[in-house]
Amino acid sequence: MPELPEVETVKAGIAPVMEGRVIARAEVNRPDLRWPFPERMAERLTGQRVLGLRRRSKYILVDLESAETLLIHLGMSGRMLVSGQMIGEFHHPHPAPAKHDHVVFHMENGARITFNDARRFGAMDLMQTARQDDHWLIRDLGPEPLGNAFNETYLVERLKGRNTPIKSALLDQRIVSGLGNIYVCEVLFRAGIHPARKAGRISAARAASLVPLIRDVLSEAIAAGGSSLRHYRQSDGELGYFQHVFQVYDRAGKPCVTHGCDKTITRIVQSGRSSFFCPQCQR
Ligand SMILES: [Zn+2]
């Protein structure tokens, strides 16, 4: 499931073929994904110049000359394929149309961006650019973890008195937006905090230490995604799913990476999701 760094990587991959370019034709092959597409979506995209691409939380935002913004959510299994243009050092010819190619952007420069989503948990919507903060998927989101509004003072204040496990608090998109299960596990390991510890029972100093660690973990993953783009080898032109090295995520039963620690990584289930941690290093 794509998290913030993967979404950032997909955005970086499609930006060179979309930004400043005109969508010659938008091909919409079904009425919906997770939710119905907006009315006349193909018509509203066709002929539009793309002014720029942004990311908010796990959404890619495509600003159009019409003063509308296209919101793209990759969902669980959404993939973007770029063809007909160079990506990094590689040129990908147009593939044959495939099952689950739900939306295709035919750019005037000959490039093609295909949104393929087998499980259809992805979504697209159109909104007035000026009113994007009112969109129902965006309006309740907390600050961006890499932005200035997310800082030590803010996080300490938001965790104060909270009776939920720290894992759930960091996954709460109203507190900080875009953090998902994988990176929260990694952050808590680096912080030495047990995922089940009550958020309000963590000292202010330790809570504050989470902020730079969150930034580090996400920035490192974004950098890894960027280098996967430069060394782009997948034959089909798919973006955003790159090889990660995790310290705890999905490592249940494997030895802890901390020097001098002889424990193995443990998995527990919290709110229906797996948490991975070292029972010795995380308290
Ligand atoms: Zn350990």
Side-chain angles (χ1 to χ4, degrees), residues 1-9 57-58 76 142-146 150-228 240-283:
M1 179 165 180
E3 292 200 19
L4 188 154
E6 290 79 12
V7 175
E8 190 65 38
T9 303
S57 186
K58 295 174 201 171
M76 307 279 284
E144 285 288 319
L146 298 171
F150 182 70
N151 55 46
E152 281 85 348
T153 315
Y154 168 84
L155 186 61
V156 168
E157 195 54 42
R158 292 303 301 264
L159 298 182
K160 200 181 283 176
R162 204 168 277 266
N163 209 26
T164 51
I166 183 64
K167 169 93 186 295
S168 314
L170 293 179
L171 285 176
D172 184 341
Q173 301 297 302
R174 295 166 298 185
I175 295 178
V176 54
S177 70
L179 268 189
N181 198 39
I182 295 173
Y183 295 105
V184 168
C185 289
E186 296 295 299
V187 164
L188 290 175
F189 175 72
R190 290 197 195 186
I193 298 175
H194 194 291
R197 177 169 283 274
K198 298 265 186 285
R201 300 283 307 270
I202 296 170
S203 72
R206 289 181 91 200
S209 78
L210 286 165
V211 171
L213 291 173
I214 288 169
R215 292 187 198 276
D216 287 351
V217 163
L218 293 176
S219 302
E220 287 165 24
I222 289 170
S227 86
S228 81
Y241 295 81
F242 44 90
Q243 203 58 48
H244 286 289
V245 183
F246 296 121
Q247 293 186 301
V248 286
Y249 184 77
D250 209 19
R251 292 194 66 244
K254 304 232 170 70
C256 174
V257 298
T258 304
H259 185 73
C261 177
D262 59 1
K263 292 286 186 284
T264 56
I265 302 305
T266 300
R267 173 182 171 272
I268 55 170
V269 175
Q270 295 178 282
S271 312
R273 315 190 62 181
S274 293
S275 294
F276 300 90
F277 65 99
C278 173
Q280 175 140 301
C281 298
Q282 294 176 251
R283 298 301 174 99

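One-based numbering, in listed order, for ligands and for the atoms of each.
- Residues L179 and L218 have side chains in contact (heavy-atom distance under 4.5 Å, counting atoms from C-beta outward).
- Not counting sequence neighbours, E186 has no partner by the salt bridge (Lys or Arg N to Asp or Glu O under 4.0 Å) test.
- Listed by chain and number, the protein atoms of type N/O/S under 2.8 Å from the Zn ion (ligand 1) are C256 SG, C261 SG, C278 SG, C281 SG; waters are omitted.
- Applying the ring-ring contact (aromatic ring centres under 6.0 Å, His included) test to F246 and every residue at least two apart in sequence or in another chain returns H244, Y249.
- The side-chain contact (heavy atoms from CB on, under 4.5 Å) test with I265 singles out one residue from P255, C185, C256, and that residue is C256.
- By the salt bridge (Lys or Arg N to Asp or Glu O under 4.0 Å) test, K160 is found to be paired with E157, residues two or more places apart in sequence or in another chain being considered.
- Residues L155 and I175 form a side-chain contact, since some pair of their non-hydrogen atoms from C-beta on lies under 4.5 Å apart.
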